Amino acid sequence: MLHARRIGRAIVAARTRSPVATTGQLADIVRRAVPRKGYTRIDPATRTFQAIRIWVNRELEGLDTFLGQAAERLRPGGRMAVISFHSLEDRVVKHTLRSLQAAGGRGLTVRTKRPVVPSEAEVERNPRARSAKLRAAERAQG
């Protein structure tokens, strides 16, 4: 969302000249729209594609409902762990688990004050793990 309006305008302007037919074309439009200030670890187009994927797949819809239902199904002493892969998802998980704990009705306790993130060694072995965050909760005994 850092440059969303600028990227949106660039896409609209490009479409007036000709249709955007490939992901490569869209990536080029996004790269030209975002100002560069030195080295950036992540390609600017990556976030745009991620935003499109999240919206198209409705990835955040129902996540909070699912977490509540999963917590209800935990047996006493049962634990659940949730791995999120982007900040929007992690935010929903964090807030939902905290609100379930605060509600107290399900006897849920959040076990991870901060998310567990992969070590440098793990990211080196598995680069896709770099954005993973694990949060866990436990249902009280009987």
Side-chain angles (χ1 to χ4, degrees), residues 1-16 19-142:
M1 289 200 335
L2 192 58
H3 299 287
R5 194 173 307 276
R6 183 183 287 204
I7 292 167
R9 286 187 185 126
I11 292 169
V12 169
R15 287 177 54 211
T16 61
V20 179
T22 68
T23 56
Q25 288 175 323
L26 179 57
D28 288 339
I29 293 165
V30 172
R31 286 185 200 111
R32 284 193 303 268
V34 176
R36 291 268 176 147
K37 291 180 183 167
Y39 172 78
T40 54
R41 190 172 62 99
I42 299 174
D43 186 320
T46 300
R47 290 185 186 217
T48 301
F49 284 106
Q50 181 183 38
I52 292 168
R53 188 198 73 230
I54 290 168
W55 183 78
V56 167
N57 295 334
R58 298 177 173 161
E59 292 181 13
L60 299 178
E61 288 180 26
L63 179 56
D64 53 348
T65 304
F66 164 76
L67 292 170
Q69 291 172 349
E72 283 178 16
R73 287 172 173 74
L74 282 177
R75 290 187 176 147
R79 295 176 184 155
M80 75 179 198
V82 182
I83 300 174
S84 59
F85 290 95
H86 56 77
S87 60
L88 294 173
E89 203 172 56
D90 184 57
R91 183 182 179 96
V92 172
V93 172
K94 175 176 73 171
H95 289 293
T96 302
L97 291 179
R98 285 183 182 171
S99 68
L100 290 170
Q101 177 177 284
R106 295 180 185 93
L108 199 71
T109 303
V110 176
R111 290 293 175 203
T112 49
K113 185 171 181 133
R114 299 209 188 296
V116 178
V117 296
S119 66
E120 287 181 29
E122 184 174 356
V123 172
E124 202 170 294
R125 284 191 317 273
N126 178 12
R128 290 180 175 183
R130 77 177 183 272
S131 59
K133 292 182 178 180
L134 178 129
R135 294 185 183 272
E138 181 178 13
R139 188 160 187 180
Q141 293 285 345

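Along the sequence shown, residues are numbered consecutively beginning with 1. Because the structure is predicted, anything quoted here is derived from the model rather than measured.
Separating the NZ atom in Lys133 from the CZ atom in Arg130 is a distance of 13.0 Å, to the nearest 0.5 Å. Taking CD of Glu124 as the reference point, atom CD of Glu120 lies at 8.5 Å (rounded to 0.5 Å). In this structure, Arg98 CZ and Leu108 CG are separated by 13.0 Å, a value rounded to the nearest 0.5 Å. The CZ atom of Arg47 sits 14.5 Å away from atom CD1 of Ile52, with the distance rounded to the nearest 0.5 Å. Taken to the nearest 0.5 Å, the CG atom of Leu134 stands 6.5 Å off from the OG1 atom of Thr112. Of the inter-residue distances, the one linking Ile7 atom CD1 with Ile29 atom CD1 reads 11.0 Å to the nearest 0.5 angstrom.
Contact record, Ala71 with Leu100: CB-CD1, 4.0 Å, taken as the closest heavy-atom pair. When all heavy atoms of Ala129 and Pro118 are compared, the pair lying nearest together is O-CG, 2.9 Å. A pairwise comparison of heavy atoms in Ala137 and Leu97 identifies CB-CD2, 4.2 Å as the closest pair.
Applying the side-chain hydrogen bond (donor to acceptor under 3.5 Å, both in side chains) rule to Asn126 yields no partners; only residues at least two apart in sequence or on another chain are considered. Not a single salt bridge (charged side-chain N to carboxylate O under 4.0 Å, His left out) links Arg125 to another residue, sequence neighbours left out. Listed by chain and number, the residues in a salt bridge (charged side-chain N to carboxylate O under 4.0 Å, His left out) with Arg53 are Glu59 (sequence neighbours excluded). With sequence neighbours excluded, the residues satisfying side-chain hydrogen bond (donor to acceptor under 3.5 Å, both in side chains) with Arg31 are Asp28, Asp43. Qualifying side-chain hydrogen bond (donor to acceptor under 3.5 Å, both in side chains) partners for Arg6, counting only residues two or more places apart in sequence or in other chains: none.
Remark: side-chain polar atoms of Arg58 are not paired, donor with acceptor, to backbone N or O of Ile54 under 3.5 angstrom. Remark: the backbone N or O of Glu138 is not paired with any side-chain donor or acceptor of Arg111 at under 3.5 angstrom.
For Phe49, the CZ atom sits in a packed shell: over 12 heavy atoms of surrounding residues, nucleotides or ligands are nearer than 6.0 Å. Enclosure of atom CD in Gln25 by more than 12 non-hydrogen atoms of other residues, nucleotides or ligands within 6.0 angstrom is indicated.
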Would you mind writing out the side-chain donor-acceptor pairs for residues 75-93 within the sub-3.5 Å range, not counting sequence neighbours?
from: Ser84; atom 1: OG; to: Asp90; atom 2: OD1; distance (Å): 3.2
from: His86; atom 1: ND1; to: Glu89; atom 2: N; distance (Å): 3.3
from: Glu89; atom 1: OE1; to: Phe85; atom 2: N; distance (Å): 2.7
from: Asp90; atom 1: OD1; to: Arg135; atom 2: NE; distance (Å): 2.8
from: Asp90; atom 1: OD2; to: Arg135; atom 2: NH2; distance (Å): 3.1

